[in-house]
Amino acid sequence: MADTQLTKKYFASPAEVKWCPGCGDFAIMNAVRGGMVAAGKPRDEVAIVSGIGCSSRFPYYMETYGFHTIHGRAAAIASGVKVANPKLDVWVISGDGDSTAIGGNHFIHVIRRNINLNYVLINNKIYGLTKGQYSPCSEMGQISKTSPYGVIDYPMAPLKTAISMGATFVARSIDAKMKLSEEICVRGGQHKGLSMMEIYANCVIYNDGAHKQLVDKETGANFNIILRDGEKMIFGTDNQLCLVQEGFGIKAAKVADVAEADILVHDEKNAEMASVLAGMRPDNGLPVAFGVLFADDSKKTYDDMVYEQLDAVKAKRGRSVDDIMQEGHTWTV
Amino acid sequence: MAENAKLTSAEQIVVKFTGDSGDGMQLIGNQLTALAALDGNDVNSLPDYPSEIRAPTGTIAGVSGFQMCLGDHKIYTAGDAPDVLVSFNPAALKHSSKFVKAGGIIITNSDSFTEKAMTKVGYESNPLEDGSLAGYDVKAIPMFTLVRAALADMDMPNAAKDRCKNFFVMGILCWLFSKEKQLVLDFIQEKFGPNAKKPKAQVAEANTLAFKAGLNYGETTVMFQERYSMGAAQIEKGLYRNITGNDAAALACMAAGAKSGLQPFIGSYPITPATDLLHLASEFKDAGLVTMQMEDEIAGICCAIGASCAGNLAFTTTSGPGLALKTEAAGMALILEVPLVIVNVQRGGPCTGLPTKTEQSDLLQSMFGRNGDSYLPIIAANSPADCFDATFQAAKIALQYRTPVIVLTDGYIGQGSCPWKVPTLDELEDLTPYVNFWKPEDHPGEEYVSYKRNSETLARDWAIPGTKGCQHRIGTLEKDETGAVSHDPMNHQNMTEIRKAKVDNLAQVLPELEVNGADSGKILVISWGGTYGAVKGAVDRLIADGKSVSGINLRWVWPFPPNLGEIISSFDKVLVPELNMGQLSLMLRAKFLVDVQSLSKVQGDPFREYEVIDKVNEMLGE
């Protein structure tokens with residue numbers, strides 16, 4: 001199939017989309033479709049695996065092979081799909097509850113194995129489908145149905161976890177930044193290895209305005225930074241703010257107050273720096289990092305190694321099924 | 001030289017080894033099993049070890065055992081009471097002497113009967129001297145002394161020399177049972193000789209010397225008045241090897257892959273006593289078997305389901321608590337209607353229970369351990385060798401019916417071993433007709449519909465990712481024939497009925513049960529899975545004694561075979577011996593409204609034939 005036929009529309013299924021009006025998932029789906037176009041596989045060679053949650057209805061809306069599975073397990077199921085048939089372009093679509101609570105174990109291990117999957121973690125910091133309970137990504141003090149007096153769990157930073165598990169591609173965007181979201185889906189879709197893409201979403205019903213501070217038209221730019229490889233880390237409504245090193249960490253400063261050479265330059269290959277960037281939060285006086293935090297194509301993928309090992313053992317031992325069945329002490333009656 | 005011991009011909013001999021765990025009991029047991037099998041006997045064996053890897057030495061809790069039965073006829077179990085017990089220390093003797101047949105032989109290492117070792121296990125006086133074992137033929141042999149003397153010229157520490165006592169004992173047994181010594185010498189070379197995986201020249205030499213010393217000891221001392229000879233068993237012609245149930249199941253995963261033309265895939269997580277299956281299967285990379293050891297049981301079954309969705313022949317392997325964890329995902333395979341084989345090596349439960357001990361603990365879990373009406377076929381292997389066929393059959397049915405299938409084995413048959421007639425790949429059934437992926441070129445002018453079904457099997461049409469133009473969505477929500485999510489009440493009624501009917505229909509193609517004995521009579525004894533051997537042996541003996549008793553074995557435990565009800569109704573009473581509190585009994589009572597009697601045993605140990613015989617006699621009023 002010629003690439004020219006790969007359009008976002010080509011990846012859209014005729015099913016009626018049943019997300020709430022105004023849900024951030026619409027914009028994210030558009031970005032993912034863009035990522036698939038860039039990945040370049042025809043739709044019958046694309047598989048989408050999702051867990052359970054609002055965002056996990058995603059596969060029904062895509063004209064690809066789709067598997068809407070069980071809560072928290074999409075990463076493990078997708079691992080099997082990819083290893084069984086590495087030719088497929090496999091996407092995991094999951095939410096913060098699905099990935100970081102019930103599926104936390106699979107989340108860390110799928111990253112550790114570096115299976116060549118595209119993992120979109122849609123983070124609205126709430127359980128939407130079950131009608132509004134707090135998730136591991138909810139903020140301290142957040143009011144929800146199960147935290148009427150405020151959340152007292154410390155929130156998880158999924159991308160920091162991803163980097164600590166050896167992730168080879170880590171990026172973040174937000175539903176409101178549609179172009180950026182598509183950009184990271186394009187990069188992630190093309191990355192060889194596990195691509196972890198966290199996209200903040202607004203739940204209009206149960207957690208409306210959760211990311212308001214980041215997208216405020218007037219002041220939002222003071223609370224987030226869009227990272228570009230090789231570029232200075234400068235942000236703010238008037239590009240008046242920047243990031244500089246402080247000890248082993250980072251602090252925000254006014255551009256006017258620091259020497260230009262002291263302003264940090266983003267390096268996508270610096271995992272230590274990425275870990276710090278992934279943990280930045282406005283309540284620590286730092287902007288939320290958007291864009292590609294980390295990318296490294298040099299690490300082998302698990303799915304490649306599976307087949308390399310099969311070939312190596314074939315070459316070395318080369319037993320047939322009959323050979324193996326007849327091994328050990330045999331005797332003839 | 002002593003007078004030659006009298007040569008007695010034996011039909012079957014039961015041997016038990018006990019010693020410290022880590023003392024090589026499983027190894028010596030397996031060696032004697034292989035030796036007997038190579039010599040033409042039929043054999044059945046049962047390992048029995050504690051869950052601690054190195055339990056405190058010299059304690060009863062740390063005793064590891066291995067029982068086996070060798071015979072000149074078909075052997076169905078590892079035997080009842082041992083004719084010969086080899087116990088390597090006071091703890092082992094204290095643990096097992098009570099099991100020995102009256103007048104049976106007890107071989108023990110008298111050098112290990114130190115004051116300290118005896119006190120540790122509560123012997124107030126030396127049982128080898130105080131007459132407490134008067135009912136047995138005790139051979140107290142100073143094994144360390146004799147082995148060290150035999151290895152006097154070897155430059156190795158005494159502790160290493162002492163470890164050669166196992167081959168010394170093999171020498172004695174080889175002589176006692178009139179076995180071919182060259183076979184043992186070959187083992188030693190294979191294990192330690194220059195061509196071994198890890199050659200150890202000195203160990204090879206020391207064990208060879210110890211083995212020969214044992215042989216000579218049997219021959220030259222007057223300790224044994226009798227030695228035994230045993231004819232070869234009448235078994236079907238062919239190539240044989242000795243095999244454990246777990247190994248047989250691993251081979252079946254590989255073979256079913258080859259016969260289906262699909263890449264075989266095992267997604268799993270280590271758990272006792274199923275782990276050996278994964279160990280062996282992990283070596284079959286050259287035969288194209290993919291194994292993924294995942295982060296937990298759930299991920300194990302989930303990646304297998306993913307692999308199945310992508311067109312591999314997928315298996316997951318586990319034991320009781322692991323099956324509990326896989327519950328929801330098993331339901332996913334069921335509602336997605338994709339093939340999957342779940343091999344469950346049952347162990348004592350509930351929860352962690354008795355990890356290393358056998359129990360038929362999970363029949364009801366396999367039947368009902370999922371939410372919703374979620375029937376799936378269950379096949380139970382009845383011997384170590386049968387684990388191959390049961391797993392292979394499960395793969396066939398999984399493919400043919402697009403359903404998960406549970407294979408129930410247990411600790412006894414999973415770790416026990418018996419001779420297996422090795423099939424060639426050519427002899428095995430071709431599974432490619434059951435794969436039957438939906439491809440547009442086979443259906444010109446037709447649209448793919450994901451839950452359209454074969455009218456006979458009710459298996460759904462199945463197109464795997466990568467099939468041109470067949471992209472579609474499936475999920476765990478209830479759906480209609482097109483795969484679209486449906487909350488329509490009548491659709492759910494219909495789909496639930498179809499999923500049940502699919503499994504019920506399988507009964508129509510299952511082979512009819514064959515009755516061992518008369519077609520009607522006073523008592524029918526029903527076995528399933530691991531109880532097959534003890535029930536078969538018991539029923540054979542009862543029939544030989546002229547009792548009105550017959551037996552049947554359920555291989556497919558669900559659905560029930562079509563003629564089961566008719567057979568049951570032909571007997572006055574029905575007995576179901578089970579290593580649980582009556583799980584199959586419950587199912588039979590519910591299905592056939594019959595007053596099934598349950599013989600229940602949950603002691604981590606398989607049935608002995610006499611236990612079944614005693615119960616039948618009690619029911620007969622005799």
Side-chain angles (χ1 to χ4, degrees), chain A residues 13 15 42-50 52 57 59-60 62-85 87-88 105-106 108-109 306 309-310 312-333, chain B residues 34 37-38 40 187 232 235-243 251 254-255 258 263 265 267 284-288 290 292 294-296 298-299 302-312 314 328-329 332 336 422-425 464-477 484-485:
Chain A
S13 87
R43 59 194 181 186
D44 44 28
E45 291 177 22
V46 177
I48 305 177
V49 184
S50 66
I52 293 291
R57 298 295 177 94
Y60 292 114
M62 301 292 293
E63 191 56 32
T64 65
Y65 284 91
F67 303 97
H68 176 227
T69 68
I70 51 176
H71 202 16
R73 319 300 171 197
I77 295 155
S79 298
V81 171
K82 184 69 187 179
V83 171
N85 184 357
K87 285 187 206 131
L88 300 172
N105 199 23
H106 314 309
I108 60 177
H109 290 285
V306 164
Q309 196 172 56
L310 287 184
V313 180
K314 264 174 210 158
K316 190 167 175 223
R317 298 188 79 177
R319 299 168 299 173
S320 69
V321 172
D322 277 320
D323 291 341
I324 291 173
M325 291 207 291
Q326 291 167 13
E327 273 181 351
H329 296 283
T330 57
W331 66 95
T332 305
V333 173
Chain B
L38 283 171
F187 284 157
I235 32 188
E236 205 186 330
K237 287 202 179 334
L239 181 77
Y240 281 81
R241 66 184 278 196
N242 205 48
I243 200 152
L251 292 169
M254 171 185 67
Q263 174 166 276
F265 180 106
F284 299 160
K285 303 265 184 290
D286 40 347
V290 175
M292 274 185 87
M294 296 297 281
E295 54 273 17
D296 59 28
I298 298 171
C302 282
C303 77
I305 292 170
S308 179
C309 287
N312 280 194
E328 186 195 17
M332 167 166 64
L336 291 178
V422 185
T424 62
L425 205 49
I464 58 167
T467 311
K468 232 169 184 38
C470 289
Q471 65 276 2
H472 65 280
R473 276 62 60 194
I474 58 175
T476 54
L477 286 165
V485 176

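Per chain, numbering begins at 1; letters A, B, ... match sequence-line order. Computed from a prediction, not measured in an experiment: that's the story for all the values here.
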Is it the side chain or the backbone of Ile52(A) that comes within 4.5 Å of chain B heavy atoms, both, or neither?
side chain
Which heavy atom of Gly306(B) sits nearest to which heavy atom of Val81(A), and what is that distance?
O-CG2, 3.3 Å
Side chain, backbone, both or neither of Leu88(A) within contact of chain B (heavy atoms, under 4.5 Å):
side chain
OG1 (Thr476(B)) and CD1 (Ile70(A)) are apart, to the nearest 0.5 Å, by 7.5 Å
Return the CZ to CG distance between Phe67(A) and Leu336(B), rounded to the nearest 0.5 Å.
8.0 Å
Thr64(A), part contacting chain B, at a heavy-atom distance under 4.5 Å
backbone
So which of Ala299(B), Gly238(B), Gly475(B), Ala310(B) has the largest heavy-atom pair count under 4.5 angstrom toward chain A?
Gly238(B)
Shorter than 4.5 Å, heavy atoms on both sides: which option in Asp323(A), Ile108(A), Thr69(A) has the most such pairs with chain B?
Thr69(A)
Counting heavy-atom pairs under 4.5 Å with chain B, which one of Ile48(A), Asn85(A), Val83(A) comes out on top?
Val83(A)
Got more than 12 heavy atoms from elsewhere within 6.0 Å of NZ, Lys314(A)?
yes
From CZ (Arg473(B)) to CE (Met62(A)), nearest 0.5 Å
9.5 Å
Only pairs of heavy atoms separated by less than 4.5 Å count here; which of Arg317(A), Glu45(A), His106(A), Arg73(A) has the most with chain B?
His106(A)
Ile464(B) portion near chain A, given a 4.5 angstrom heavy-atom threshold:
backbone
Distance (rounded to the nearest 0.5 Å) between Met325(A) CE and Arg241(B) CZ
9.5 Å
Please state whether the side chain, the backbone, both or neither of Glu328(B) comes within less than 4.5 Å of a heavy atom of chain A.
both
Sort out for me which of Pro59(A), Ala76(A), Gly72(A) touches chain B most, counting heavy-atom pairs under 4.5 Å.
Ala76(A)
Is there a side-chain contact between Met332(B) and Ile77(A), using heavy atoms and a 4.5 Å cut-off?
yes
Of all residues at least two apart in sequence or in a different chain, which pass the side-chain contact (heavy atoms from CB on, under 4.5 Å) check with Leu38(B)?
His329(A), Trp331(A), Leu183(B), Phe187(B)
Are the side chain of Asp44(A) and the backbone of Cys470(B) linked by a donor-acceptor contact shorter than 3.5 Å?
no
Is chain A contacted by the side chain of Ala314(B), its backbone, both, or neither, given a heavy-atom distance below 4.5 Å?
neither
Asp296(B): which residues meet the side chain to side chain donor-acceptor pair (under 3.5 Å) condition with it, sequence neighbours left out?
Asn105(A)
With only heavy atoms counted, which part of Ala304(B) is less than 4.5 Å from chain A, the side chain, the backbone, both or neither?
neither
Is it the backbone or the side chain of Phe265(B) that comes under 4.5 Å from a heavy atom of chain A, or both, or neither?
side chain
Please state whether the side chain, the backbone, both or neither of Val306(A) comes within less than 4.5 Å of a heavy atom of chain B.
side chain
OH on Tyr240(B) to OG1 on Thr330(A), rounded to 0.5 Å
12.5 Å
From the list Ala312(A), Ala47(A), Gly318(A), Ser13(A), the residue making the most non-hydrogen contacts under 4.5 Å with chain B is Gly318(A)
Interface moiety of Ala484(B) toward chain A, non-hydrogen atoms closer than 4.5 Å
neither
Thr424(B) backbone acceptor or donor facing Asp322(A) side chain under 3.5 Å:
no
Under 4.5 Å, counting heavy-atom pairs only, tell me which of Cys302(B), Ala307(B), Ala232(B) racks up the most with chain A.
Cys302(B)
For the side chain of Tyr65(A) and the backbone of Thr467(B), is there at least one donor-acceptor N/O pair under 3.5 Å apart?
yes
Of Arg319(A), His109(A), Gln326(A), the largest count of non-hydrogen pairs under 4.5 angstrom with chain B goes to Arg319(A)
How long is the straight-line distance from CG of Leu310(A) back to CG of Asp286(B), given to the nearest 0.5 Å?
9.0 Å
Side chains of His472(B) and Glu63(A) in contact at under 4.5 Å (non-hydrogen atoms):
no
